[in-house]
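First comes the structure, then the notes that go with it.
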Amino acid sequence: MITITQRGDHWQVSFYYECPKTNKRKRFRRNAPYPTKRKAYQWGMEQYELAHSVKAHVEVPTYARLVELYRERLAPTKLKDSEEYVRKVRTDKHLIPRFGEMRIDEINALAIDGYIIERKKEGAAPSTINRELTALSSHLKAGHRWEMLDRLPEFQWMDEPEPQVRYLTEDEAARLVEACKTEPMLENLVPFVLHTGLRTSEFVALRWDDIDLRRKQVSVRQAKARAKTESPKSKSSARIIPLNDIAISALKAQKVRTFMRGGLVFTAPDGSALTKNKVKLPWARAIKRAGIRHCTRHDLRHTFASWLVQRGVSLQTVRDLMGHADIKTTTRYAHLAPKNLSDATTALLDFGNEMGTNKKSG
């Protein structure tokens with residue numbers, strides 16, 4: 001069967017199986033993606049069963065069959081529920097109709113380029129096409145790992161334009177906060193998010209246990225998407241965000257309003273959990289009443305990051321507070337720090353002048 005061996009902080013799974021293409025005995029040896037021996041064993045048994053069941057399937061399956069195997073064997077351990085749902089929608093709506101009946105070894109660069117052309121004709125944005133190609137690539141990589149596919153096709157990714165960031169000026173934010181005072185669900189929520197930068201999925205899952213008013217900080221431990229609570233988007237452990245006086249005042253006012261019912265910090269007036277639909281109309285009314293250019297709830301998060309950068313906070317610190325998995329996501333705000341950039345180029349100019357001064361005369 002399988003062998004479980006501890007290797008540092010990981011549990012290594014090892015077993016032998018017969019390669020379905022060469023009929024030769026091969027060894028499977030990988031670190032389990034779980035910290036406990038019990039879960040590592042369960043994961044190992046899944047891989048063992050998969051390795052010994054692949055031969056029962058068509059040796060070179062269709063793309064539709066590969067997707068089935070991916071969802072059964074890999075997605076539950078690799079993707080969060082919300083990510084798995086979005087990928088399923090993209091795959092079922094666009095990839096399966098195009099590649100579903102093809103054997104996976106027939107999906108080459110030419111077929112992929114043809115798919116890109118079709119999606120462009122349909123008006124799909126480059127970022128949308130790239131997300132679909134990411135799903136296709138993940139599926140084919142799994143097929144290659146399971147030795148159903150000898151080689152992976154080359155992908156030509158679309159060039160994506162820099163995302164446009166909408167953030168509120170201080171005047172717009174003040175008008176929005178004032179307009180939200182007649183909206184019970186938004187009155188304390190909006191100033192809190194403006195000064196903490198939480199995602200929608202994070203503030204709807206925020207609980208009073210996550211708030212430490214004595215230490216003036218909030219722990220972002222979980223997120224809620226499609227009625228399921230899971231880890232935050234970055235998949236990292238809880239991030240800590242300091243609370244300023246405005247955020248603390250908003251929380252104290254919210255505590256009086258909710259009486260800490262049910263443990264959730266921000267709720268609907270009846271104490272039930274917030275949803276996008278419940279907030280939609282109050283948000284539209286507040287935007288209209290404030291008389292500002294349209295913005296989304298996520299733009300409050302952009303505003304938080306933008307204000308920090310404008311005040312000279314480093315991009316690394318902004319990244320930590322925002323919970324970005326990749327610093328590249330944070331650099332979209334870099335242009336908002338013109339003084340820092342000006343200082344940097346001035347320093348370079350000074351350095352150049354010093355070099356000129358130190359030149360030896362011929």
Side-chain angles (χ1 to χ4, degrees), residues 1-19 25-54 69-87 134-135 137-149 152 196-199 201-202 205-207 209-212 215 217-225 228-242 314-331:
M1 291 293 285
I2 68 174
T3 301
I4 305 291
T5 308
Q6 190 166 16
R7 294 283 187 267
D9 295 333
H10 302 281
W11 290 96
Q12 188 180 85
V13 175
S14 176
F15 60 82
Y16 287 94
Y17 67 102
E18 184 179 300
C19 175
R25 192 167 183 253
K26 296 195 68 174
R27 185 177 186 181
F28 176 100
R29 183 167 56 188
R30 289 187 178 86
N31 289 333
Y34 296 102
T36 65
K37 185 176 182 180
R38 182 176 62 83
K39 287 192 173 182
Y41 179 80
Q42 292 174 347
W43 179 82
M45 286 303 300
E46 290 177 357
Q47 306 310 306
Y48 179 87
E49 291 173 5
L50 176 62
H52 287 79
S53 66
V54 165
L69 284 172
Y70 184 93
R71 289 173 178 171
E72 291 172 5
R73 304 291 183 169
L74 197 55
T77 61
K78 188 177 181 65
L79 302 175
K80 295 193 300 182
D81 289 339
S82 56
E83 294 172 317
E84 185 176 358
Y85 172 79
V86 172
R87 180 167 290 185
T134 298
S137 176
S138 295
H139 297 147
L140 294 180
K141 284 179 180 178
H144 182 262
R145 175 169 166 260
W146 292 331
E147 299 183 345
M148 301 172 177
L149 191 61
L152 293 169
T196 56
L198 267 64
R199 301 177 177 93
S201 60
E202 293 170 345
L206 191 66
R207 305 183 69 82
D209 291 343
D210 302 323
I211 308 294
D212 189 335
R215 294 183 179 179
Q217 64 184 32
V218 56
S219 300
V220 184
R221 310 173 191 274
Q222 54 196 10
K224 191 171 185 178
K228 292 186 177 181
T229 302
E230 51 196 12
S231 61
K233 188 175 180 181
S234 62
K235 299 182 182 179
S236 61
S237 57
R239 72 181 192 275
I240 306 298
I241 302 176
S314 72
L315 291 179
Q316 181 59 54
T317 299
V318 174
R319 173 194 179 178
D320 294 341
L321 293 173
M322 296 285 281
H324 289 154
D326 192 335
I327 190 65
K328 291 180 181 178
T329 306
T330 317
T331 56

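Note that the structure is a prediction, hence the values are computed from the model and not measured.
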| query | Taking atom CG of Leu74 and atom NZ of Lys141, what is their separation to the nearest 0.5 Å? | reply | 12.0 Å
| message | Just to verify, what does Phe28 make a ring pair (Phe, Tyr, Trp, His ring centres under 6.0 Å) with, not counting sequence neighbours? | response | Phe15
| note | On a heavy-atom basis, the closest approach of Leu321 and Pro242 is CD2-CD, 3.7 Å
| Value rounded to 0.5 Å, distance of CZ in Arg207 from CG in Asp210 | 8.0 Å
| For Arg29, which residues count as a salt bridge (charged side-chain N to carboxylate O under 4.0 Å, His left out) partner, sequence neighbours excluded? | none
| said: Quick check: do Gln47 and Tyr17 have side-chain heavy atoms less than 4.5 Å from each other? | reply: no
| query | Between Val220 and Thr196, is a side chain to side chain contact (heavy atoms under 4.5 Å, CB included) present by the stated rule, with each step listed? | reply | CA-CA 10 Å; Val220 184; Thr196 56; over 6 Å; no
| Considering residues at least two apart in sequence or located in another chain, which fulfil the salt bridge (charged side-chain N to carboxylate O under 4.0 Å, His left out) criterion with Asp209? | none
| request: Apply side-chain hydrogen bond (donor to acceptor under 3.5 Å, both in side chains) to Thr317 and list each qualifying residue two or more places apart in sequence or on a separate chain. | output: Ser314
| Heavy-atom pair of closest approach, residues Glu49 and Arg73 | OE1-NH1, 3.7 Å
| query | Are the side chain of His10 and the backbone N or O of Gln6 linked by a donor-acceptor pair below 3.5 Å? | reply | no
| Trp11 side chain to Tyr41 backbone, donor-acceptor under 3.5 Å | no
| message | Which heavy atom of Arg27 sits nearest to which heavy atom of Ser14, and what is that distance? | response | NE-OG, 3.0 Å
| task | List for me each residue that meets side-chain hydrogen bond (donor to acceptor under 3.5 Å, both in side chains) alongside Arg7, sequence neighbours excluded, and say none if there are none. | result | none
| field | Euclidean distance, Arg319 CZ relative to Thr329 OG1, rounded to 0.5 Å | value | 8.5 Å
| Any side-chain heavy-atom pair of Lys26 and Glu147 under 4.5 Å | yes
| said: Suppose we screen for side-chain hydrogen bond (donor to acceptor under 3.5 Å, both in side chains). Which residues come up paired with Gln316, at least two apart in sequence or across chains? | reply: Asp320
| field | Under the side chain to side chain contact (heavy atoms under 4.5 Å, CB included) test, residues paired with Ile240 that sit two or more places apart | value | Gln217, Ser219
| said: Counting C-beta onward and ignoring hydrogens, is there a side-chain heavy-atom pair between Ile4 and Gln12 closer than 4.5 Å? | reply: no
| query | What pair of heavy atoms forms the shortest contact from Ala142 to Tyr70, and how long is it? | reply | CB-CD1, 3.8 Å
| With sequence neighbours left out, what residues match Arg215 under salt bridge (charged side-chain N to carboxylate O under 4.0 Å, His left out)? | Asp212
| field | Member of Arg239, Arg221, Gln222 meeting the side chain to side chain donor-acceptor pair (under 3.5 Å) criterion with Glu202 | value | Arg239
| message | Can you list everything that forms a side-chain hydrogen bond (donor to acceptor under 3.5 Å, both in side chains) with Thr330? Sequence neighbours excluded, please. | response | His324
| said: Let's go through Arg87 and Arg71 carefully: what are the C-alpha distance in whole Å and the side-chain angles of both, what is the deciding distance for side chain to side chain contact (heavy atoms under 4.5 Å, CB included) to 0.1 Å, and is it a yes or a no? | reply: CA-CA 10 Å; Arg87 180 167 290 185; Arg71 289 173 178 171; over 6 Å; no
| Taking only residues two or more places apart in sequence, or in another chain, which ones meet Ala32 in a side chain to side chain contact (heavy atoms under 4.5 Å, CB included)? | Val13, Ala40, Trp43
| With Asp9 via side chain to side chain contact (heavy atoms under 4.5 Å, CB included) - residues at least two apart | none
| Do the side chains of His139 and His144 get nearer than 4.5 Å, heavy atoms only? | no
